[in-house]
Amino acid sequence: MDIPLRHRPGVPSFVEVSLPSDPKYLAVVCTMIREFARLHGMAEELLRKIELAVDEVCSNVIVHAYEGRHDAVYRVRCTFDEPRLVIEVFDRGHSFSLEQCPKPKLEGPLKSRGTGGLGIHFIRKIMDEVEYEGHLGGENCFRMIKKVA
Amino acid sequence: MDIPLRHRPGVPSFVEVSLPSDPKYLAVVCTMIREFARLHGMAEELLRKIELAVDEVCSNVIVHAYEGRHDAVYRVRCTFDEPRLVIEVFDRGHSFSLEQCPKPKLEGPLKSRGTGGLGIHFIRKIMDEVEYEGHLGGENCFRMIKKVA
Amino acid sequence: MDVRVEQNENLWQFHLEGRLDLAGAEAVENAFNPLKSQKLFGCTLIIDFSGVHYISSSGLRVIVACFNHLEEQEGRMILCGMDIAVREVFDFAGLSDVFTITESLAEALDLARTY
Amino acid sequence: MDVRVEQNENLWQFHLEGRLDLAGAEAVENAFNPLKSQKLFGCTLIIDFSGVHYISSSGLRVIVACFNHLEEQEGRMILCGMDIAVREVFDFAGLSDVFTITESLAEALDLARTY
Ligand SMILES: Nc1ncnc2c1ncn2[C@@H]1O[C@H](COP(=O)(O)OP(=O)(O)O)[C@@H](O)[C@H]1O
Ligand SMILES: Nc1ncnc2c1ncn2[C@@H]1O[C@H](COP(=O)(O)OP(=O)(O)O)[C@@H](O)[C@H]1O
């Protein structure tokens, strides 16, 4: 087993990646954030969840913020501020209101449930804190925090 | 098997990562570049070589450009400009002369070989083109290109 | 994402291999396309996840859409070969009780025969 | 990088597990530290790579330094358990003919007994 990285004062613990809004590259950013979290000693089960949360946020940037365009650029920054893993996703597309996202129906016959809404549901279920800052014309930021102590 | 990504005109094929000059994070950048190259259809044997070349350049940035400091930042950009995979590593530390790097001795008794010089040797062996631009006070750039057609 | 399709009378098998994320979901959606022009009454559709080790909500969405389409036409769907990571995401979404899920492809084929 | 050390009379075993990159090389160097204060005449040192699937020139450097130190003191080194990726890097560096390399740990132990 690797010895998990400890936070040493003064040494920044982060990684930041910019990439095109092409769905093909989701695997690249997910693989990277997973490796970063793994280095900080997180267990496989948690790594899977963190990967899912990152993927859901980035997929929303592609589909909603950039309306499916593949040639825009977004940025993912992951910081380990022990014991908090902070993940921020920045885009320059359409903003939205996180508070006004309706909760998905998770029970009853499938037909009655409607589609969508699962992404934000997963993110909220997995992470301890979720917030969003939309900026008209500037950069939007989706921030999520997982306490891993 | 995944269908390899083809270059579509107008869609940028790149990924760019910034990270601290802590050796622990070498695995993060290597894993990411490997996944990017894998997506573009490169075979396992080539992926291993590309990973090694990236690791050697980044290790040199940490050890030589930043003299072993862990809290500086460097940047790795990987672009697929079919059929060329271009990898650039940017740092703001000491620059050097790539041309004046002596070739390592690869034969004879170990004692007589001296240590060092293997990193640049590996990089030159693996990549098709290697160049370096040093800038006093600005950013240095180590660029390497692999033709993958 | 690679999808291998097998059809034998009214039994369809979709063998998925790769990440079922937004990119993978597009590929699977394309693979499901031929179903649109078929009468699916009495058909059984097996989706074999043994080559899938990651699924996101985009992946679930395309499976759910196909399931709804089948139900309308009175066809059936069986999911099989899920590993723990994939199963977890179905659980998260409250979908594990909605679908018919078997451990192995062999069990799915057995079950299809009894319909 | 995790290093498990076993010592039995004049046989030392170092079982490495993880990436032998610049970070891993630091860990291995630390694990080799106790050797510095030992008389290594007649000793055999086995380095077991079965848990290593990646090595860079930084990893080679620490192995070479240890080899040189052993030679000076008339000790021996055996490397074992390398996979193809690791072996390739030794080949690249022209080091495969310099070291005594066996496939498995069992073979390395057998060989150590014959010294
Ligand atoms: N990054 C984003 N930019 C713009 N709108 C977003 C973004 N993320 C989420 N949304 C909005 O929130 C809704 C719910 O998102 P989500 O739970 O992921 O479900 P889905 O994407 O399947 O609709 C989306 O339909 C969209 O309207
Ligand atoms: N990014 C860099 N910044 C400054 N100097 C460098 C850099 N990369 C290489 N060098 C110089 O080139 C030499 C050869 O590098 P390399 O072949 O990797 O061997 P080693 O790092 O083992 O000495 C180094 O010793 C160093 O002097």
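Numbered from 1 within each chain, the chains take letters A, B, ... in sequence-line order. Everything numeric here is computed off the predicted structure, so don't read it as measured data. Atoms considered below: every heavy atom in the structure, side chains included; atoms not considered: hydrogens, waters and symmetry mates.
In this structure, the portion of B/V73 lying under 4.5 Å from any heavy atom of chain A is its side chain and not its backbone. Proximity to chain B (any heavy atom under 4.5 Å) is shown, for A/V29, by neither the backbone nor the side chain.
A 6.0 Å sphere centred on CD of A/E45 holds no more than 12 heavy atoms belonging to other residues, nucleotides or ligands.
With values rounded to the nearest 0.5 angstrom, B/E35 atom CD is found 11.0 Å from A/L26 atom CG. Atom CD1 of residue A/I33 and atom OG1 of residue B/T31 lie 12.0 Å apart, to the nearest 0.5 angstrom.
Proximity of A/L19 to B/E16: side-chain heavy atoms (C-beta onward) are nowhere separated by under 4.5 Å. Two residues are said to be in side-chain contact when any heavy atoms from C-beta on lie closer than 4.5 Å; A/V17 and B/M32 meet this criterion.
B/F36 and A/Y25 have parallel rings, their planes meeting at less than 30° on a 0 to 90° scale where 60° marks the start of perpendicular.
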